[in-house]
K.L.:
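Quick one: structure below, then a few questions.
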Amino acid sequence: MGDNSDTTTAPSPAKIAAQEDALLKQFFAEVSEVERDNEVNRILSCFKLNPFDYLNLSFDSSMDEVKRQYRKLSLLVHPDKCKHPQAKEAFGALAKAQQLLLDPQERDYILNQVNAAKEELRAKWKKQLKKDTASKLKSLVTEGKFDQEHEQSEEFQHKLKLKVKEILTDQEWRRRKMAMRISEEEGRLKKDEEETKELWKRKREHEEQWEGTREKRVSSWRDFMKGGKKVKKGEIRPPKLKTEDPNKSYVQRPVKRG
């Protein structure tokens, strides 16, 4: 009796990749220039701090999904294939978005903001449930499935996107203010350092100048000590007027004038 079991083997990774390439080629063959232009406009209108938005992906997308989506969109708006005047700018925005989402540190930062936004929206949702008895009972009966369905709804996803935008904007504003303060402090420190250097430079120049005139000062002091005040060349010193001689033998009478 023959073996009727299925002996079909799974396609190899290379074969899968070839099939995906064929599908992409077929997709781009059917894409019109208008669709390419629309995609460029969509990319350029995205919120700059949200790389998921650029790639048109949900926040729970895996890294493999990021790579596949980037490949698809980058070929769609590639400057060599798209005639839109800003195709190059859109292409660069996609490349940066993929780079951020494939960087573990950057990806974790963004997902942390996403989780913060979810927690805030969940807290508001619980407050609404307390007011709505029917929804509260439904949430308890379904053991959380009602909450999960709510979070998967388009309404929740839209609110989540807006809340993430709000949080990322706030974080970026804080980062820029901090960077500005750091820059101002660095500028102040640099100015203080330059003023200190200038002060020491002037002090050193003064000391060098003082030391350079040392011999001249010493020589002038010695001349003064030897002969008192020097008589300038060509100057006649007047005789000293004595009113009484030491032996008191002669007294000079004051001369009457007029």
Side-chain angles (χ1 to χ4, degrees), residues 10-11 13 16-17 19-20 23-24 26-28 30-31 35-36 38-77 90 93-175:
I16 294 175
Q19 291 173 347
E20 289 181 352
L23 286 172
L24 275 175
Q26 182 181 355
F27 169 75
F28 289 123
E30 297 171 357
V31 171
E35 289 173 308
R36 291 179 185 273
N38 288 340
E39 183 60 23
V40 170
N41 293 330
R42 184 198 69 79
I43 293 171
L44 296 179
S45 65
C46 288
F47 175 51
K48 296 184 182 299
L49 301 177
N50 183 1
F52 287 101
D53 199 14
Y54 279 108
L55 295 173
N56 202 16
L57 289 171
S58 60
F59 293 119
D60 57 355
S61 299
S62 66
M63 288 195 175
D64 287 337
E65 288 174 324
V66 169
K67 293 177 183 178
R68 285 197 297 269
Q69 184 73 346
Y70 166 73
R71 186 161 179 261
K72 177 182 176 181
L73 297 182
S74 62
L75 288 174
L76 188 63
V77 301
L94 290 177
K96 184 177 180 181
Q98 181 194 222
Q99 181 183 2
L100 289 173
L101 292 179
L102 295 182
D103 184 312
Q105 187 174 355
E106 293 290 344
R107 184 184 179 90
D108 287 345
Y109 168 75
I110 295 169
L111 291 180
N112 285 338
Q113 312 314 313
V114 173
N115 290 332
K118 282 183 178 179
E119 290 300 323
E120 189 171 336
L121 292 177
R122 283 168 182 164
K124 290 182 179 180
W125 170 248
K126 289 179 180 179
K127 286 183 180 179
Q128 291 177 1
L129 288 180
K130 289 181 180 179
K131 297 178 181 179
D132 187 348
T133 308
S135 297
K136 183 178 180 181
L137 290 173
K138 189 174 181 181
S139 177
L140 293 172
V141 171
T142 58
E143 298 180 349
K145 290 183 180 180
F146 181 64
D147 296 338
Q148 293 177 4
E149 290 175 359
H150 168 70
E151 291 188 9
Q152 292 171 359
S153 66
E154 290 184 6
E155 180 186 1
F156 181 85
Q157 292 299 319
H158 178 68
K159 288 182 179 179
L160 177 61
K161 193 174 181 179
L162 293 177
K163 180 55 66 174
V164 169
K165 181 178 181 180
E166 179 184 331
I167 293 176
L168 287 175
T169 301
D170 182 62
Q171 292 293 334
E172 178 64 14
W173 173 240
R174 293 179 184 222
R175 185 192 66 79

K.L.:
For the CD1 atom of Ile43 and the CG atom of Leu73, what is their distance to the nearest 0.5 Å?
P.N.:
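Between atom CD1 of Ile43 and atom CG of Leu73 there are 6.0 Å.
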
K.L.:
Taking all non-hydrogen atoms of both residues into account, name the closest pair between Val164 and Ala117 and its distance.
P.N.:
CG2-CB, 3.7 Å

K.L.:
Any donor and acceptor pair, going by atom type alone, linking the side chain of Gln98 with main-chain N or O of Tyr70 inside 3.5 Å?
P.N.:
no

K.L.:
Among residues two or more places apart or on two chains, list those pairs meeting side chain to side chain donor-acceptor pair (under 3.5 Å) that have a residue in residues 38-55.
P.N.:
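As it turns out, the side chain to side chain donor-acceptor pair (under 3.5 Å) pairs with a partner in residues 38-55, which skip direct neighbours, are Glu39-Arg42, Asn41-His84, Asp53-Lys161.
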
K.L.:
Just wondering, do Met63 and Leu102 contact through their side chains at under 4.5 Å, heavy atoms?
P.N.:
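A side-chain contact exists here, since the closest heavy-atom pair is under 4.5 Å.
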
K.L.:
Within this structure, what is the NZ-CZ distance for the pair Lys163 and Phe156, rounded to the nearest 0.5 Å?
P.N.:
11.5 Å

K.L.:
CD of Gln157: more than 12 outside heavy atoms within 6.0 angstrom?
P.N.:
yes

K.L.:
Mind checking the CZ-CG spacing from Arg175 to Leu49? Nearest 0.5 Å is all I need.
P.N.:
8.5 Å

K.L.:
Any donor and acceptor pair, going by atom type alone, linking the side chain of Arg36 with main-chain N or O of Val77 inside 3.5 Å?
P.N.:
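No: the side chain of Arg36 does not pair with the backbone of Val77.
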
K.L.:
Is the shortest side-chain N to carboxylate O distance from Lys118 to Glu151 below 4.0 Å?
P.N.:
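No, no charged N to carboxylate O under 4.0 Å.
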
K.L.:
Answer yes or no: is there a donor N or O on one side and an acceptor on the other, between the side chain of Asn112 and the main chain of Asp108, under 3.5 Å?
P.N.:
yes

K.L.:
Donor-acceptor check, side chain of Asp103 to backbone of Gln99, threshold 3.5 angstrom: yes or no?
P.N.:
no

K.L.:
Specify the closest pair of heavy atoms between Arg71 and Ser74, including all atoms of both residues, with the distance to one decimal.
P.N.:
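Between these two residues, the closest heavy atoms are O-OG, 3.1 Å.
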
K.L.:
If the threshold is 4.0 Å, N to carboxylate O, is there a salt bridge linking Asp64 and Arg68?
P.N.:
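Here Asp64 does not pair with Arg68 in a salt bridge, since their nearest N and O are not under 4.0 Å apart.
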
K.L.:
On a heavy-atom basis, which atom in Ile110 and which in Pro51 lie closest, and how many Å separate them?
P.N.:
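Distance-wise, the nearest heavy atoms are CD1-CG, 3.2 Å.
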
K.L.:
Roughly how far, to the nearest 0.5 Å, is the CD atom of Glu106 from the NZ atom of Lys96?
P.N.:
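Between atom NZ of Lys96 and atom CD of Glu106 there are 9.5 Å.
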
K.L.:
With rounding to the nearest 0.5 Å, note down the distance linking OG in Ser61 to CD in Gln69.
P.N.:
8.0 Å

K.L.:
Evaluate side chain to side chain contact (heavy atoms under 4.5 Å, CB included) for Leu168 paired with Tyr109, printing each intermediate quantity in order.
P.N.:
CA-CA 10 Å; Leu168 287 175; Tyr109 168 75; 4.2 Å; yes

K.L.:
Would Glu65 and Leu55 count as a side chain to side chain contact (heavy atoms under 4.5 Å, CB included) if you check the C-alpha gap in whole Å, the side-chain angles of each, and the deciding distance to 0.1 Å?
P.N.:
CA-CA 10 Å; Glu65 288 174 324; Leu55 295 173; over 6 Å; no

K.L.:
Between atom CZ of Phe59 and atom CG of Leu160, what is the distance when rounded to the nearest 0.5 Å?
P.N.:
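The distance works out to 5.0 Å.
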
K.L.:
Output, in order, the C-alpha distance, side-chain angles, deciding distance and verdict of side chain to side chain contact (heavy atoms under 4.5 Å, CB included) for Lys165 and Thr169.
P.N.:
CA-CA 6 Å; Lys165 181 178 181 180; Thr169 301; 4.2 Å; yes

